[in-house]
Amino acid sequence: MKVLQWHHVCASVDIDEEDVIEFDHEGRLYAIYHTPSGFYATAGHCTHETARLAEGLVFGEIIECPMHMGRFHIPTGAAKGAPVCVNLVTHPVKVENGAVMIGLAQE
Ligand code: FES
């Protein structure tokens, strides 16, 4: 059974609105976003090739990949058009006492 474990990412003030940072945990890369509707987390790499999404641009709830300008809807991970066609994996995020936490499944 998989259990969700919460991991501290950063202080909420460390990510400006409409910005994204990278979070590395146990050799895996995640992208942590601050959008107008709140904080979200997805896989750190684009599903098209290997670009790091934290180097992309956030427009509202959209992340634009820095390599070929593919776009994803951040809250759902949905691919929003060519060249990306595979959705991003998303992860739960919560903010507690000013800290951004990511929930990752543990075996
Ligand atoms: Fe992201 Fe190509 S690597 S759109």
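Atoms within each ligand, like the ligands themselves, are counted from 1 in listed order. As a basis for the values below, the full set of heavy atoms in this structure was taken, side chains included, without hydrogen atoms, waters or symmetry mates. Given the structure is predicted, the values throughout are model-derived calculations rather than measurements.
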All ring-ring contact (aromatic ring centres under 6.0 Å, His included) counterparts of H7, not counting sequence neighbours: H25

With M67, which residues qualify under side-chain contact (heavy atoms from CB on, under 4.5 Å), at least two apart? E49, A51, C65

We want to know whether T35 and E17 form a side-chain donor-acceptor pair, criterion being a heavy-atom distance below 3.5 angstrom. no

Excluding Y33, membership of its hydrophobic cluster (Ile, Leu, Val, Met, Phe, Trp, Tyr; side-chain heavy atoms within less than 4.5 Å) reads V20, Y40, L53, V58, I63, F72, I74, V84, L88

Restricting to distances shorter than 2.8 Å, give the number of protein N, O or S atoms close to atom 1 (Fe) of ligand 1. 2

Please examine the side chains of I62 and R71, heavy atoms only from C-beta on, and report whether any two atoms are closer than 4.5 Å. yes

Does this structure show an ion pair linking E96 with K94, if we count only N-O contacts that are shorter than 4.0 Å? yes

